[in-house]
Amino acid sequence: MKRDEDEETPQALSAFIAELRHWREVTGLSQKALARLVGYTPSYISKVEGGTLVPSREFAENADRHLRAGKAIVRRWKDANQTVGEAPAKGSQHDTSGPVDDPQSKPSAALLVEHEHAELTFDGGLFKTRIRRQLRNIGTDPVTRYLIRIAVDRYPGDPERSNRLYRKFPLTWEEIGLSAVCGDELMTWRVQHDRDAFKEVWLLFENADGRFPLYPGESTWIDYVYTVSADKWGPWWQRAIRLPTHRLSLTLDIPEGLQPVVWGVETSMTAEASPFKTPISREASDGRIRFTWSTEDPPLHARYRIEWKFKRPEEEPSPMETLSPSEQMRSIGIVQEGDPILTQTARPFDLPAEAEDARRVVAQLVANLERVSQVHSFVKGMGLAAPQIGIGRSAALVRTPSGEIITLLNPRVINETSETDEQYEGCLSFFDVRGMVPRPLFIEVEHQDIEGNAKITLFEEGIARLVGHEIDHLYGQLYRVRMRPGVEPIPVSQYRGTGHEWKYPPR
């Protein structure tokens with residue numbers, strides 16, 4: 001007799017994970033070492049082996065090749081993909097399966113929400129959402145998974161503007177930082193849909209220690225938390241009633257200094273939008289205001305939306321301005337000093353055999369470079385190396401002051417002049433300081449194009465400084481090692497060169 005998909009999927013996926021771990025252990029590679037080989041982040045490998053992310057075909061094929069598994073990993077991936085389905089790419093427009101409206105896994109299962117308490121907290125440029133739901137299984141079969149959604153809309157009423165924002169700066173799993181528990185058990189999760197402004201995830205009633213299904217007649221609390229930066233969040237928050245629910249309660253926690261004004265709107269399948277039928281309560285303490293509201297037995301498919309505005313928006317700091325420069329960079333995915341990947345030599349690409357890997361890494365660098373440029377102005381130009389986004393491959397980008405993009409694959413300095421100068425440099429991986437760094441005025445760099453053809457390019461003055469800085473990253477060096485003995489970086493608050501290009505004497 002054919003088993004239900006819920007029973008097949010974990011077995012097929014577990015077999016793939018076991019195969020991947022087996023070959024990784026045979027070769028003696030850590031997750032970080034494998035990540036460097038295949039050109040993915042350590043976080044990606046961790047989620048794959050943790051069973052919370054179904055990997056792409058490209059990952060499976062690369063891992064099989066580098067681990068010399070003789071297609072064993074690929075075969076296991078195909079088995080798992082037949083039951084799980086490959087996770088769609090970010091922002092994919094080709095996923096036609098559509099969202100799953102029923103969060104229950106089987107027709108014979110039925111869930112009742114005895115109480116949902118949702119809390120949204122704004123602090124330090126981040127919106128943190130915490131949802132606690134008391135679930136009761138009123139069906140006849142065990143419940144093994146539960147569907148949740150994370151959706152954002154920065155500019156409600158202007159979808160095209162929101163779409164442009166998320167195409168440039170999509171939500172990432174790293175920034176969301178999703179975590180979930182059932183009672184005192186950690187829940188693993190599996191991606192259902194992964195789009196620029198919308199995530200849909202199955203929370204699984206299982207973890208590495210075992211499974212804990214919700215059996216008929218039982219009830220339990222699930223609790224999940226995620227964060228979204230204020231740059232991607234709009235002035236609204238909505239809860240939708242998708243299961244029979246006895247009680248819904250909401251809390252909104254905002255700094256008092258913003259003088260927030262809050263109101264609530266509810267809609268249903270048969271009614272136009274109308275104000276909440278009961279008022280939202282307000283309590284101020286310790287410099288914050290907590291708005292709370294609750295309702296009993298909300299109708300199925302109703303939506304409860306809290307909206308707000310700030311009376312003193314001119315005094316509200318930009319979300320990024322509330323963070324230190326290094327925290328700003330960390331919040332948009334730049335690896336910070338102290339991470340071992342910044343002290344390791346990046347692995348070169350085997351071109352043209354690894355051309356697709358190189359293209360993907362360059363695309364990730366372009367996306368991160370765009371994100372960085374939205375946070376800070378770089379009159380002198382800017383650069384980014386793959387290790388700074390957690391990828392230990394030999395690729396870097398430099399954007400010149402005129403906007404030209406220089407792509408560096410497998411670069412190395414083969415010649416430099418003895419004539420040097422000292423200028424202040426900043427590094428995205430420790431952006432709270434600036435350091436006076438001596439560098440040669442001219443360097444010759446050997447690098448490759450995507451087809452593997454070798455090139456030698458001469459760079460001079462400011463561009464040579466930018467290129468040299470990024471090549472250092474690929475060999476595990478930060479600019480501190482180039483500073484003269486006894487010279488230390490200065491706090492960015494003391495630096496006076498922001499907004500000005502480096503100065504060189506006329507030649």
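The structure displayed is predicted, hence computed values, not measured ones.
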- Report the relative orientation of the aromatic rings in His115 and His117; use parallel for angles under 30°, tilted for 30 to 60°, perpendicular for over 60°. perpendicular

- Task: Check the angle between the aromatic planes of Phe310 and Phe122 and answer parallel, tilted or perpendicular using the 30° and 60° thresholds.
- Result: parallel

Distance-only side-chain donor-acceptor flag, [X] / [Y], under 3.5 Å:
| X | Y | result |
| --- | --- | --- |
| Ser324 | Ser326 | no |
| Thr292 | Ser281 | yes |
| Glu307 | Trp236 | no |
| Gln388 | Ser429 | yes |

Side-chain heavy atoms of [X] within contact of [Y], under 4.5 Å:
| X | Y | result |
| --- | --- | --- |
| Gln336 | Leu428 | no |
| Leu111 | Leu214 | yes |
| Thr227 | Trp233 | no |
| Lys309 | Pro260 | no |
| Val433 | Tyr495 | no |
| Trp189 | Tyr224 | no |

Looking only at atom types and distance, does a side-chain atom of [X] sit under 3.5 Å from a main-chain N or O of [Y], one as donor and one as acceptor?
| X | Y | result |
| --- | --- | --- |
| Arg149 | Phe198 | no |
| Glu175 | Thr172 | yes |
| Gln494 | Pro491 | no |
| Tyr226 | Trp173 | no |
| Asn207 | Gly210 | yes |
| Thr407 | Leu397 | no |
| Arg288 | Asp253 | yes |
| Lys199 | Arg195 | yes |
| Asn137 | Asp141 | yes |
| Ser46 | Tyr44 | no |

Should the pair [X]-[Y] be classified as a salt bridge under the 4.0 Å nitrogen-to-oxygen rule?
| X | Y | value |
| --- | --- | --- |
| Arg247 | Glu116 | no |
| Glu266 | Lys277 | yes |
| Arg480 | Glu488 | no |

- Query: Do Tyr146 and Phe205 have ring centroids that are under 6.0 Å from one another?
  - Reply: no

- Taking the six-membered ring for Trp, is the centroid-to-centroid distance between Trp293 and Phe276 below 6.0 Å? yes

Can you give me the closest heavy-atom contact between [X] and [Y], atom names plus distance?
| X | Y | value |
| --- | --- | --- |
| Asp196 | Arg167 | OD2-CA, 3.8 Å |
| Thr144 | Pro213 | CG2-CB, 4.4 Å |
| Pro216 | Pro142 | CD-N, 4.1 Å |
| Asp432 | Pro325 | OD1-CD, 3.1 Å |
| Trp237 | Leu250 | CZ3-CB, 4.2 Å |

- Task: For Val335, enumerate each residue passing the side-chain contact (heavy atoms from CB on, under 4.5 Å) test, keeping only those at least two apart in sequence or located in another chain.
- Result: Asp339, Ile341, Leu342

- Query: Residues in salt bridge (charged side-chain N to carboxylate O under 4.0 Å, His left out) with Glu119, at least two apart?
  - Reply: Arg290

- Query: Within 45° of the ring axis of Phe430 and under 6.0 Å from its six-membered ring centre, is that where the NZ or CZ of Arg434 lies?
  - Reply: no

- Report yes or no: is the cationic atom of Arg132 (NZ for Lys, CZ for Arg) closer than 6.0 Å to the six-membered ring centre of Trp221, at no more than 45° off its axis? yes

- Message: Does Asp223 form a salt bridge (Lys or Arg N to Asp or Glu O under 4.0 Å) with Arg130? I'd like the steps, not just the answer.
- Response: CA-CA 7 Å; Asp223 189 331; Arg130 180 183 182 186; 2.5 Å; yes

